[in-house]
Amino acid sequence: MPDPDALPPLSLTVPEPEVRPGGQPDFSHVAIPRAGTVRRPPVDADPEEIRDLAFTIIRVMNREGEAVGPWAEALDFTPDDLLEGLRHMMTLRIYDARMLNAQRQQKTSFYMQHLGEEAISCGFQRALAPGDMNFPTYRQAGLLIAAGYPLSAMMNQVFSNAEDPMRGRQLPVCYSSREHGFFTISGNLATQYIQAVGWAMASAISGDRKISAAWIGDGSTAESDFHAALVFASTYKAPVVLNVVNNQWAISTFQGIARGGSGTFAARGLGFGIPSLRVDGNDYLAVLAVAKWATERARRNLGPTMIEYVTYRAGGHSTSDDPSAYRPAEESNAWPLGDPILRLKNHLIRLGVWSDDRHAQAEAEILAEITAAQKRAEAIGTLHHGQHPSPVDMFEDVYAEMPPHLLKQRHEAGF
Amino acid sequence: MPDPDALPPLSLTVPEPEVRPGGQPDFSHVAIPRAGTVRRPPVDADPEEIRDLAFTIIRVMNREGEAVGPWAEALDFTPDDLLEGLRHMMTLRIYDARMLNAQRQQKTSFYMQHLGEEAISCGFQRALAPGDMNFPTYRQAGLLIAAGYPLSAMMNQVFSNAEDPMRGRQLPVCYSSREHGFFTISGNLATQYIQAVGWAMASAISGDRKISAAWIGDGSTAESDFHAALVFASTYKAPVVLNVVNNQWAISTFQGIARGGSGTFAARGLGFGIPSLRVDGNDYLAVLAVAKWATERARRNLGPTMIEYVTYRAGGHSTSDDPSAYRPAEESNAWPLGDPILRLKNHLIRLGVWSDDRHAQAEAEILAEITAAQKRAEAIGTLHHGQHPSPVDMFEDVYAEMPPHLLKQRHEAGF
Amino acid sequence: MARMTMIEAIRDALDVAMGADPRVVVFGEDVGYFGGVFRCTAGLQAKYGKTRCFDTPINESGIVGAGIGMAAYGLKPVVEIQFADYVYPAYDQIVSEAARLRYRSAGQFTCPMVVRMPTGGGIFGGQTHSQSPEALFTHVTGLKTVVPSNPRDAKGLLLSAIADPDPVIFLEPKRLYNGPFDGHHDRPVTAWKTHELGEVPEGHYTVPLGKAVVRRQGQAATILTYGTMVHVALAAAAESGVDAEVIDLRTLLPLDMETVAASVSKTGRCLVLHEATLTSGYGAELAALVQAECFWHLEAPIRRVAGWDTPYPHTHEWSYFPGPARVAEALRQLVEVA
Amino acid sequence: MARMTMIEAIRDALDVAMGADPRVVVFGEDVGYFGGVFRCTAGLQAKYGKTRCFDTPINESGIVGAGIGMAAYGLKPVVEIQFADYVYPAYDQIVSEAARLRYRSAGQFTCPMVVRMPTGGGIFGGQTHSQSPEALFTHVTGLKTVVPSNPRDAKGLLLSAIADPDPVIFLEPKRLYNGPFDGHHDRPVTAWKTHELGEVPEGHYTVPLGKAVVRRQGQAATILTYGTMVHVALAAAAESGVDAEVIDLRTLLPLDMETVAASVSKTGRCLVLHEATLTSGYGAELAALVQAECFWHLEAPIRRVAGWDTPYPHTHEWSYFPGPARVAEALRQLVEVA
Ligand SMILES: Cc1ncc(C[n+]2csc(CCOP(=O)(O)OP(=O)(O)O)c2C)c(N)n1
Ligand SMILES: Cc1ncc(C[n+]2csc(CCOP(=O)(O)OP(=O)(O)O)c2C)c(N)n1
Ligand SMILES: [Mg+2]
Ligand SMILES: [Mg+2]
């Protein structure tokens, strides 16, 4: 029989971030390999043999704005494609700024921005084909923008006006567009990760060619449905890309609480024999490169891939949140991976297809475009003003056909 | 834009066991290292540096019945201790056989046996100290036997008679004994894995010295609470041993459905940075050795350990199950890790402290003991005969104090 | 017509549906090669291949969650939860996702999925093989909830459920799988082949969702019930001497309030009967609706007979189960109220 | 006496409990350093250390499951689910484990745990920040379910819940956190400091579980309600001109049936009011109980006013919410029944 009394008493470990408000931001513990130095294995590599990719950071653009290394070489995007990508990111950022402002003016109840994370959703979408389906969280509106979903539709939903495509039923940023490969966002975290796997399984069962992409945040990987998704994806080799956006924070909780003792979130995938890559989420080209690698695996029926995007949530969690209460305000500036828009801009300038002037001009154009669209949307209505979806809509779509008890309630409500 | 039509259509992978009824059992794909060949790292080793231990099988007893290698050397059990262990396993096996038979005679509604897996629970318990707590599944009654819980109490519960310590409320094999470090078994799979972590956290919060052991089957690792447990254990470095009993089957489903593409179940732990060992579950000494290693880690506040026990469920899942419908009847004999009782017996004979005769004699003694206890239990009552817990008991312990509505129902029921 | 057990009728429904529509896929724990612990899916994998009928990992949230994704894709998943007692890990997927998909996407994504599960007690299954969680589904708008009481209905209702464009919770009273059971556990077991409703039409037919049926005409009181309790109610009516009308609701949501109200308005007395625990059970909703709709017809308070508000105990099964004696006594008391 | 918001009252209760008993531990998503998204745990980590009040991974099943293990160990966990809408992943742990631990272990293991969560609508939170899932707990035997309607009760009830030897579901109407809310969303917000029940005694005191309170005496009808709806009911009584007795149930299970029956027997008319969806809501149980107990006193059918049977919609919040106009109208109809 062991004698526990011979040892000191136990104590509980509660992980803490390196710094709290008042402290000096310090990311020196984040090991960042130089761009271009991480190898690019073939897409059918044995997951055990590419374990290292789950513990490093795949990066393409170096400080000089050059695209370097094997991941850069495998890219087949033209400068025009990249200019379009830049425009997507700029659009998302400006849209976010406008909507944040609109929320302060009480034109909408609630908003969530992407500041600093634009490259991930804007970039990933480029690897998808029509018919593919994203199962996004609330921080991937770039998927919609890159897929050409009209900003005006997004705004109508944000403003909960009469043209809201969700007919007033959903939260502002919980968009849905089947046509644009964007599954209806759930307010419940992680539930859709396994749904994405089911969707991919359905495509495989049907002998189709569509693939899906699951999205989750660092904090939400702790949810149990994350496990369900990995189990099913691993067992049935579902054609799905399992994306984890590690933006360092889950509301006020730093990523160490969800990650615990594992080195990275990508490591989770390895426990299931799923090839797992870790990538610089602020490097648009790196995002394109890994997205291409992972979607090719899925399309070639090689099964799931996990991608951890290393990034930083530069803004508050939502308009209900003030991050200065739990992290130093300067932390965002100290983040070593830079700004995704600036980095792509520099690359394009380096390529000789872009300039500061043209950038400023594009910014002005986009702002004008968004402002015009916003005017039109606001003319229809905003949360407390103008025209809204009819309350009759409240009773529709609960079922395909309204059952008698609901019809009775609708009458009782006066409709 | 990628062009998926350039590729062949997708198809779904559904893993299948190597053989089905009618086929020839074949375990040649199970790589089994020789006893004594796997290294024994210090208990505070970096999990990343001992990854290999999650993909091998720690074995102590060789074919000649010798205990060899570093894990054997670290054991401090006397021959008498081992003789006691042998007796625990023999007791469990004979008890199982009697209860199976009793179920066929309708003396109990239901039974679940341990055939072939006796070493795991009987062995592990020896590494625990009073006050430690197991969170077992229905296939770890060896923990109770090794902890000295009276067989008569187990039988009274199996027979649902008036002395049933659970007062007729629980299923036959879902025992509970706080005193013996055995948490009340849930019929719901995996729920208790995270509870074990919570229990261990409570000990650490309280500055106590108690540790806990979580138990789960291969199939049940697919459940989401398995993930919850690993996340919490990893984050708070809870003093818990996370046991996975891989007996190859989950009712009719082979372990490949739960394991998917990962090489082993132990690999799951690695995804969380939890040191993970894989051990020969039919080798009593190997079980003792890894249990000692893992519990020492917990007691020294080094955090959780995952242990995968490689074994084989030689019997049916339960008395409701007939495995010949889904696996070759001979598969059990083909299982390459042998019988845990025979193996320990041979070791003890080799040590010179045991013999075939003494074994036969011990068997007879244990059988007599159990038969006598069974007679006494049956004299009190069995499922359909004799004395049972009073139906009044049905209304007790729903709450500490019976609320008015329940009191009213009890009256209505005539009590 | 073929005589079938309820297991065979369910299997037949799945077979008919899979044969007619390649989008129908069937999966769950042990449902593939083995054919399910109650054998409801036996033979389907052999017939339709292992991508149409397959085993899943033991993760109920995963089963339902994957099913939702498949349904949204355009398939028609019919998933099995091994026992209703194990549906809770999937509860979030059912409540937060399946039930609301159509609504929150304004019809862009829908969830035509059936979640089958054995329910109810009577097999000495103890706390974790006996529960009747229907009220946890009837409170969730967006779901339909069905409980058949015999093989013929089981097949017809299951075919309706599979055809339905919305998620349907399909609760199969396991004590009825092999024969009608009226609560007399001490009498010889009867088989479906001796029962008229064990006659199951071949091929495709449907029993519509949302339609109750009167199983016994009566004048003195109405018993509202479903599943196993239909047979208990019939026994209690016979044994109590009370001329009770027995209504088999079949679908709990949407409820066939017309049939219910017509009967109670006629008899003036109502007994609500279910196996699930009393408090906040589905019987509460029935009582609330009936008192509202039939207030002026009621000659006595509506009585509820249900499982006691305790976990489902193992040994005490027959003290717990609301059997014919308890129902008969309640019936007699109900008609005695002046 | 100090004037407090309901947030402050809850925090104060936790502070008092943690100060008095080292076994009380508090954890949940964002509750540690930050102090909770509604700030109910602000300052507790600083005061009691991070092993007594800490952040958890985002896994509700893990939060409750770990809590169960701790409670069985001997601690008294008070866990927070960030919104009641997110409790479903923990539903299995609550239903299958916490609620049955004492029963199935014959008292060897118990679960003195409190599961706190903000509930209800009125904050434009849409489908996933507005739900009222109380009926999903009242159906589960082994649990107690509490819903305070003001700061004074909130503190006293929470202290009772923490002291209770069994698991308690503690639902905090988030629309009441900062002030009483009577459903007049278009009027200026009122604060608790202007309300008598915003006066919260210092230190330790309890409001017993299982005891309702009459908030308004009346003769013409009884309104049974709880949480935010207590204030709506009071407004409706005032505005309708109907002399309604308003009962604040405070604890839904165990229910104070004595207070309920006394009132309905007196008034002969009963309106049941809650925010949760109607069908199979807790109001069904109330209606079922009242019609059974007070049948001979009832002069009109019991009416239920509740959330419509749709998901909680975002933009349509005020068409959905059962506000004072709807309640007043129902009250008038109720007393008009001859
Ligand atoms: C099931 C569930 N639990 C809790 C929440 C509340 N919640 C919303 S966002 C969030 C943090 C998520 O963090 P992360 O996954 O890192 O995503 P990020 O916001 O950083 O993009 C929490 C706890 C929720 N929406 N659903
Ligand atoms: C939540 C839940 N789902 C399903 C079941 C039904 N069930 C009981 S045992 C079992 C198989 C478990 O297999 P495994 O974990 O490998 O343990 P073993 O029986 O092999 O020891 C299943 C599916 C259950 N008890 N609980
Ligand atoms: Mg995050
Ligand atoms: Mg197994």
Side-chain angles (χ1 to χ4, degrees), chain B residues 11-17 20 108-110 160-161 164 166-172 174 186-191 217 219-226 250-254 257-260 317 320-321 325-326 383 388-391 393-398 403 405-406 409-410 412-414, chain C residues 25 27 29-39 42 45 49-63 65 82-83 85-86 88-90 92 123-130 186 277-279 305-320 326 329-330:
Chain B
S11 63
L12 191 75
T13 301
V14 180
E16 275 285 338
R20 286 295 194 184
T108 178
S109 55
F110 179 77
S160 296
N161 70 24
D164 171 4
M166 295 306 112
R167 303 168 81 176
R169 298 184 195 134
Q170 250 300 20
L171 281 175
C174 291
S186 178
N188 299 63
L189 299 172
T191 44
S220 306
T221 61
E223 285 285 12
S224 290
D225 277 341
F226 178 74
I251 309 185
S252 76
T253 306
F254 90 117
I257 290 285
R259 193 186 30 119
H317 170 72
S320 316
D321 180 45
Y326 50 80
L383 184 62
H388 299 113
S390 158
D393 269 354
M394 188 167 71
F395 294 95
E396 298 289 337
D397 285 335
V398 181
H405 68 284
L406 209 52
Q409 291 181 26
R410 201 188 76 184
E412 211 180 309
Chain C
V25 290
F27 53 95
E29 296 159 17
D30 301 295
V31 311
Y33 184 86
F34 181 57
V37 294
F38 287 104
R39 327 291 301 125
Q45 182 175 82
K50 63 181 188 162
T51 65
R52 299 270 315 275
C53 175
F54 53 88
D55 290 328
T56 62
I58 305 174
N59 184 313
E60 290 76 13
S61 183
I63 293 168
Q82 201 161 76
F83 284 85
D85 316 61
Y86 305 142
Y88 308 116
D92 188 39
I123 63 155
F124 269 109
Q127 296 175 31
T128 53
H129 305 87
S130 307
D186 37 9
T277 51
L278 179 81
T279 298
V305 177
W308 308 119
D309 279 345
T310 75
Y312 204 111
H314 174 257
T315 311
H316 311 292
E317 174 128 54
W318 301 119
S319 305
Y320 183 87
R326 215 156 107 202
E329 174 61 20

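In this text the structure is predicted, and so the values were computed from the model without any measurement. Only heavy atoms go into these numbers, but all of them, side chains included; no hydrogens, no water, no symmetry mates. Numbered from 1 within each chain, the chains take letters A, B, ... in sequence-line order.
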Between B/Pro15, B/Ala222, B/Gly414, the one whose heavy-atom pairs under 4.5 Å with chain C are most numerous = B/Ala222
Which atoms of B/Ser390 approach chain C - backbone, side chain, both or neither, heavy atom under 4.5 Å = backbone
Flag the one option from C/Pro57, C/Gly126, C/Pro89 with the top tally of heavy-atom pairs under 4.5 Å to chain B.
-> C/Pro57
Compute the centroid of each ring, for C/Tyr33 and then for B/Tyr326, and state whether the two points are separated by less than 6.0 Å.
-> no
Could you state the interatomic distance from NE2 (C/His316) to CZ (B/Arg169), rounded to the nearest 0.5 Å?
-> 6.5 Å
Any side-chain heavy atom of B/Thr253 within less than 4.5 Å of one from C/Glu29?
-> no
Return the set of residues passing salt bridge (charged side-chain N to carboxylate O under 4.0 Å, His left out) with C/Asp85 (not counting sequence neighbours), or none when no residue passes.
-> none
Between C/His129 and B/Phe110, how do the two ring planes meet: parallel, tilted or perpendicular, split at 30° and 60°?
-> tilted
B/Val398 portion near chain C, given a 4.5 angstrom heavy-atom threshold | side chain
Pick from C/Trp308, C/Phe54, C/Phe34 with the largest number of heavy-atom pairs that fall under 4.5 Å of chain B = C/Trp308
Under 4.5 Å from any heavy atom of chain C - which part of B/Arg410 = neither
Calculate, to the nearest 0.5 Å, the distance between atoms CD1 and CG belonging to B/Ile257 and C/Asn59 respectively.
-> 13.0 Å
Quick one: does B/His405's side chain get under 4.5 Å of C/Leu278's, heavy atoms only?
-> no
Given C/Thr128 and B/Asn188, is the side chain to side chain donor-acceptor pair (under 3.5 Å) satisfied, shown in steps?
-> CA-CA 7 Å; C/Thr128 53; B/Asn188 299 63; 5.1 Å; no
C/Phe124 versus chain B, the contacting section by heavy-atom distance below 4.5 Å = both
Residues B/Leu406 and C/Asp309: closest non-hydrogen pair is CD1-O, 3.2 Å
Under the salt bridge (charged side-chain N to carboxylate O under 4.0 Å, His left out) test, which residues partner B/Arg259, sequence neighbours left out?
-> none
Please look at B/Leu189 and chain C and tell me whether the side chain, the backbone, both or neither of the residue comes under 4.5 angstrom of a heavy atom of that chain.
-> side chain
Tell me, side chain or backbone of B/Leu171 under 4.5 Å from chain C's heavy atoms, or both, or neither?
-> both
Would you check if B/Pro172 and C/His314 make a side-chain contact, meaning some heavy-atom pair closer than 4.5 Å?
-> yes
For C/Ile58 and B/Ala250 the tightest heavy-atom approach is CD1-CB, 3.8 Å
